[in-house]
There are 2 protein chains.
Amino acid sequence: MTAESRDGRVARGDRRRALIVAAAVRVVEREGVAGLTHRAVAAEAGVSPTSTAYHFATVDDLMVGALRASVEDSAGGLLDQVRRTATDPVRALADYVTVHRGRAIAEYELYLQAARRPALRPIARQWLDALSEVLRPVVPDETARRALVATVDGLLLQSLLSDEPPSEAEMRALLGHVVRVSGSDTGPAAPHG
Amino acid sequence: MTAESRDGRVARGDRRRALIVAAAVRVVEREGVAGLTHRAVAAEAGVSPTSTAYHFATVDDLMVGALRASVEDSAGGLLDQVRRTATDPVRALADYVTVHRGRAIAEYELYLQAARRPALRPIARQWLDALSEVLRPVVPDETARRALVATVDGLLLQSLLSDEPPSEAEMRALLGHVVRVSGSDTGPAAPHG
DNA sequence: CATAATATGGAACAAATGTTCTGATTGTTA
DNA sequence: TAACAATCAGAACATTTGTTCCATATTATG
């Protein structure tokens with residue numbers, strides 16, 4: 001859609017929108033969702049509040065844009081990494097919350113807003129689906145994987161609610177445990193952990 | 001501490017504090033954390049904003065009080081129910097998010113604020129510990145239980161992020177799965193699923 | 001009763017916010 | 001060039017918020 005610029009004006013608008021969304025994510029990363037205001041985003045993007053209001057009429061719209069960009073970016077990146085480089089999904093997830101902790105917190109804060117804002121729910125579901133896809137290689141069974149997704153979601157959540165996040169080793173250990181027992185329930189156990 | 005009232009004035013103050021905290025929880029239940037303001041709580045409690053500001057100097061303090069009350073109430077109630085009436089913990093948890101959905105959402109919203117407010121983290125941990133206690137009967141192994149707690153936390157979270165929460169049956173099915181496989185990993189498998 | 005401490009209400013203030021109005025600027029099309 | 005649409009900036013407005021100040025009421029203590 002935004003790839004070809006039929007109109008130079010809308011092309012510039014598209015660039016602005018992207019600029020604003022990226023700034024919005026950074027604002028959330030720095031100040032939390034409570035700090036996500038037209039003015040803060042405008043300042044972060046080096047743009048006037050009128051411009052953010054023009055492209056995102058309400059603050060809620062701004063939030064939708066930020067969450068969508070975050071999910072597409074992170075979930076997409078995760079999927080790519082696992083698929084293309086054949087990385088262990090568990091390790092990729094553990095990395096996700098440890099090395100990119102700041103962004104992970106921001107994304108999860110946005111993600112959680114879906115509890116009150118129905119507009120965000122489809123995107124939240126998108127995240128869960130992507131997570132499920134990432135984990136498919138290690139747990140093929142549908143029910144087991146749904147449970148595992150919940151576990152991962154819970155661990156990610158808890159890692160944001162603790163003074164110090166669980167170490168990558170701890171994370172891998174817990175996830176590994178679930179994968180092992182869950183996998184062994186749905187078919188022949190994997191030869192070795 | 002607040003049981004005996006050495007001083008009639010502080011006794012009245014204690015009652016007020018309790019009144020305010022209860023009102024704060026109701027406000028979060030109705031409007032979300034974003035609506036948790038001195039004025040809203042004061043109005044809900046039938047009290048002047050000065051009074052709420054007197055007992056809870058900042059809005060953050062108000063949040064701490066609300067979360068603490070919620071956790072003590074819910075986690076305590078859950079523990080009591082399981083211990084005293086020997087209810088199946090899994091069923092008790094499934095009930096918790098289905099029949100008391102409104103309150104559960106409010107509590108989780110407060111709970112999630114710990115991501116940005118360190119003052120809330122000890123209370124968040126208290127919730128996790130209580131959850132672990134509730135689940136001890138079904139999963140005695142430490143590591144397995146820690147993983148299960150994450151699963152429960154994830155499921156509760158997801159149930160708040162969906163347009164329609166998972167049915168109690170679905171919830172029980174998923175949790176049951178994890179308990180089964182997790183339990184069978186730590187000792188002799190249960191005779192039958 | 002007098003004095004002090006605690007608790008409370010009413011009013012008020014500065015700061016921040018969402019949003020809109022008014023034009024100006026940039027790009028398109030005829 | 002002229003007419004038009006999309007995009008933007010500056011200023012402004014009403015609203016809401018946290019918090020404080022001042023006076024008053026309630027309770028305790030001497």
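Order of the sequence lines fixes the chain letters, A, B, ..., with proteins taken first and strands second; residue numbering starts at 1 for each chain.
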> Roughly how far, to the nearest 0.5 Å, is the CG atom of Leu156(B) from the CG atom of Leu93(B)?
Replying inline: 6.5 Å

> Below 4.0 angstrom, N of the basic side chain to O of the carboxylate: do Glu29(A) and Arg103(A) qualify?
Replying inline: no

>> Do Val47(A) and Val28(A) land in one hydrophobic cluster if side-chain heavy atoms of ILVMFWY residues count as linked below 4.5 Å?
In response: no

> Are OP1 or OP2 of dA6(D) and a side-chain N or O of His55(A) less than 4.0 angstrom apart?
Replying inline: no

> Quick one: which of dA6(D), dT19(D), dG9(C) gets closest to the side chain of Tyr54(A)?
Replying inline: dA6(D)

>> Output the rounded distance in Å from CZ (Arg12(B)) to C1' (dT27(D)).
In response: 7 Å

> Nearest-Å distance, CZ (Arg39(A)) to P (dA15(C))?
Replying inline: 14 Å

> When you measure from the side chain of Val59(B), which nucleotide among dT19(D), dC13(D), dA7(C) comes out closest?
Replying inline: dT19(D)

> In terms of ring plane angle, is the pair Trp127(B) and Tyr108(B) parallel, tilted or perpendicular, where the classes change at 30° and 60°?
Replying inline: perpendicular

>> Without decimals, in angstroms, what is the distance between His38(A) NE2 and dC8(D) P?
In response: 14 Å

>> By nearest heavy atom, map Ala34(A) and Ala53(A) onto DNA chain C; which one lands nearer the 5' end?
In response: Ala34(A)

>> Measuring from atom CG of Leu120(B) to atom CD of Gln126(B), what distance do you get when rounded to the nearest 0.5 angstrom?
In response: 12.0 Å

> Reckon Thr50(A) touches a base, only the sugar-phosphate, or nothing at all at heavy-atom distances under 4.0 Å?
Replying inline: base

> The side chain of Val47(A) lies closest to which of these nucleotides: dA9(D), dG9(C), dT17(D)?
Replying inline: dA9(D)

> When all nucleic acid strands are considered with a 4.0 Å heavy-atom cut-off, which category describes Arg16(B): base, sugar-phosphate, or nothing?
Replying inline: sugar-phosphate

>> Let's see if you can work this out: which of dA9(D), dT8(C), dG18(C) has an atom nearest to the side-chain heavy atoms of Ser51(B)?
In response: dT8(C)

> Rounded to whole angstroms, how far apart are CG on Asp14(A) and C1' on dC8(D)?
Replying inline: 15 Å

> Rounded to whole angstrom units, what separation is found between the CG atom of Leu36(B) and the P atom of dT16(D)?
Replying inline: 17 Å

> CZ of Phe56(A) versus P of dT20(C): gap in Å, rounded?
Replying inline: 16 Å

